[in-house]
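In what follows, every chain begins at residue 1, and chains take the letters A, B, ... in the order their sequences are listed. What's counted below: heavy atoms across the whole structure, side chains too, no hydrogens, waters or symmetry copies.
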Number of protein chains: 2
Amino acid sequence: MVKVTVTENEARYLKLIYRKQVEDGSLVGTTDLAKWLRVRPATATEVIQNLSRKNMLKYRPYHGVELTGKGIREARKLLRKHRILERLFFDFLKYDVRRSCAEASKIDYHASMDFINDICRAYGHPDQCPCQKTIFSDPLCEKRR
Amino acid sequence: MVKVTVTENEARYLKLIYRKQVEDGSLVGTTDLAKWLRVRPATATEVIQNLSRKNMLKYRPYHGVELTGKGIREARKLLRKHRILERLFFDFLKYDVRRSCAEASKIDYHASMDFINDICRAYGHPDQCPCQKTIFSDPLCEKRR
DNA sequence: GGAAAAATTTAGGATTTACCTAAATTTAAG
DNA sequence: CTTAAATTTAGGTAAATCCTAAATTTTTCC
């Protein structure tokens, strides 16, 4: 079991796919991703193929993409980090929603889960980000009542 | 005036050069850098040449390196971020010095100065990191008495 | 001072990531 | 079932990192 890592850019795709596919229930294709991330469709296809090689998703060419269990776990970790950071920026530092998201995006990928868990504890284990999306729990972070 | 940016890796070099040259007063050569950063001398030379092209330092081949005003300003910004984050990890989250430094290193480059300034205010404008190095001030962060 | 040893840089590559355009292929529309 | 639209493949570019081996410069020391 070699640890497979995902690049920062791939992480962006993963977070987006999770939001669209799992949270919004929509089918996600490479062209949608390209549009959202402002790259050419061919570029999105390439990244998707890499994520597929890393077993983060199942890719059916011409049809779309579906996260695997591994991909879902990875996306949730990333989104937990992102959303905890959003809460920090929004509640504590009083940034607006947009800016909270932007600042969180810059560091979520780089923050260790321990750091995130410490913020989570310090701010009372919030369970939603500023835009009401779920903040996933982490086994190492104290349970909520 | 085009904004010149430094990569995350180049930032590592810059921080290190500042600490050694300005704070410790030692002459810094490419081979020293290579040793500290665990790369081959040829690799360090290459990075130094890039930093030189970006006017962050003066490079005299075979002799050593000297930060320019621009390089010093950039290094101080980076070290301010790094050291404020160290304080956060050390004081607030109770990490030890080593780990505080490690965690800070992962995100210092990516954190906006606004975020850093907010942490700085929240923790009473500390002027030293956990290992007693100076935390440089920022014009947008409330003055200390 | 100059030759040999040591340190440093240059030259030339390899790999990875991320992006693009144009051509081919597949799907979808009528 | 043919054509239009969407999507992927093929083939490139560019920037970052890193490396080894060969050249060059500096240092050491007779």
Side-chain angles (χ1 to χ4, degrees), chain A residues 2-17 20-21 26-67 71 74-75 78 105-110, chain B residues 2-17 20-21 26-67 71 74-75 78 105-110:
Chain A
V2 186
K3 178 159 194 208
V4 178
T5 55
V6 131
T7 68
E8 187 167 3
N9 192 48
E10 286 167 350
R12 273 165 61 211
Y13 281 73
L14 231 33
K15 285 182 286 184
L16 190 51
I17 295 167
K20 298 296 179 176
Q21 181 190 295
S26 39
L27 290 177
V28 178
T30 52
T31 305
D32 306 314
L33 288 168
K35 204 167 300 163
W36 294 324
L37 295 171
R38 297 152 180 280
V39 295
R40 296 302 179 148
T43 303
T45 300
E46 206 180 21
V47 176
I48 287 310
Q49 288 167 338
N50 291 338
L51 284 171
S52 176
R53 278 199 299 92
K54 293 178 181 177
N55 296 309
M56 294 294 168
L57 47 78
K58 285 254 169 54
Y59 171 46
R60 271 196 56 222
Y62 300 101
H63 291 284
V65 128
E66 195 183 354
L67 292 177
E74 186 65 29
L78 291 163
S105 295
K106 285 198 255 173
I107 56 179
D108 55 5
Y109 177 79
H110 302 93
Chain B
V2 185
K3 179 160 193 207
V4 178
T5 54
V6 129
T7 67
E8 187 166 4
N9 192 48
E10 287 167 349
R12 274 166 59 211
Y13 281 74
L14 231 33
K15 286 182 286 184
L16 190 51
I17 295 167
K20 298 295 179 178
Q21 180 190 294
S26 37
L27 290 175
V28 178
T30 51
T31 307
D32 305 314
L33 288 168
K35 204 169 299 163
W36 294 323
L37 295 170
R38 294 152 182 279
V39 296
R40 297 300 179 153
T43 303
T45 299
E46 207 179 22
V47 176
I48 287 309
Q49 288 168 337
N50 291 339
L51 284 170
S52 177
R53 279 198 297 94
K54 293 178 181 176
N55 297 309
M56 294 294 168
L57 46 79
K58 286 252 169 54
Y59 171 45
R60 274 196 55 223
Y62 299 102
H63 291 285
V65 127
E66 196 182 355
L67 291 176
E74 186 64 31
L78 290 164
S105 295
K106 285 197 254 173
I107 57 179
D108 54 7
Y109 176 80
H110 302 94

### Atom pair distance, as rounded to whole Å: CZ in Arg60(A) and P in dT8(D)
11 Å

### Task
Looking only at side-chain atoms of His63(B), point me to the closest of dC19(D), dT26(D), dC19(C).
dT26(D)

### Message
Quick check: do Leu78(A) and Asp108(A) have side-chain heavy atoms less than 4.5 Å from each other?
### Response
no

### Message
Heavy-atom nearest nucleotide on DNA chain D for Pro61(A) versus Glu46(A): which residue maps closer to 5'?
### Response
Pro61(A)

### Sugar-phosphate, base or nothing in reach of Gln49(B), heavy atoms under 4.0 Å
sugar-phosphate

#### Entry: Closest-nucleotide 5' rank along DNA chain D - winner of Arg53(B) and Arg40(B)
Arg53(B)

### Query
Going by heavy atoms in the side chains, are Asn9(A) and Leu37(A) under 4.5 Å from each other?
no

#### Entry: Closest to the Asn9(A) side chain, choosing from dT7(D), dA18(C), dT17(D)
dA18(C)

### Message
I want to verify a distance call: between dT8(C), dT8(D), dT27(C), whose nearest atom is closest to the Thr31(B) side chain?
### Response
dT8(C)

### Task
Compare the minimum distances between each of dT9(C), dC19(C), dA16(D) and the side chain of Val39(A), then state the nucleotide with the smallest one.
dC19(C)

### Under 4.0 angstrom between Thr45(B) side-chain N/O and dT10(C) OP1 or OP2
no

### Gap separating the CZ atom of Arg40(B) from the OG1 atom of Thr45(B), nearest 0.5 angstrom
13.0 Å

### Task
Could you check Ala42(A) against Glu10(A) and say which one's nearest nucleotide on DNA chain C is further toward the 5' end?
Glu10(A)

#### Entry: Side chain proximity check, Asp32(A) to Lys20(A), heavy atoms < 4.5 angstrom
no

### Phosphate-side-chain proximity, Tyr62(B) and dT27(D), N/O vs OP1/OP2 below 4.0 Å
no

### Under 4.0 angstrom between Thr43(A) side-chain N/O and dC20(C) OP1 or OP2
yes

### Query
Counting side-chain heavy atoms from C-beta on, which of dA16(D), dC19(D), dT7(D) comes nearest to Thr7(B)?
dA16(D)

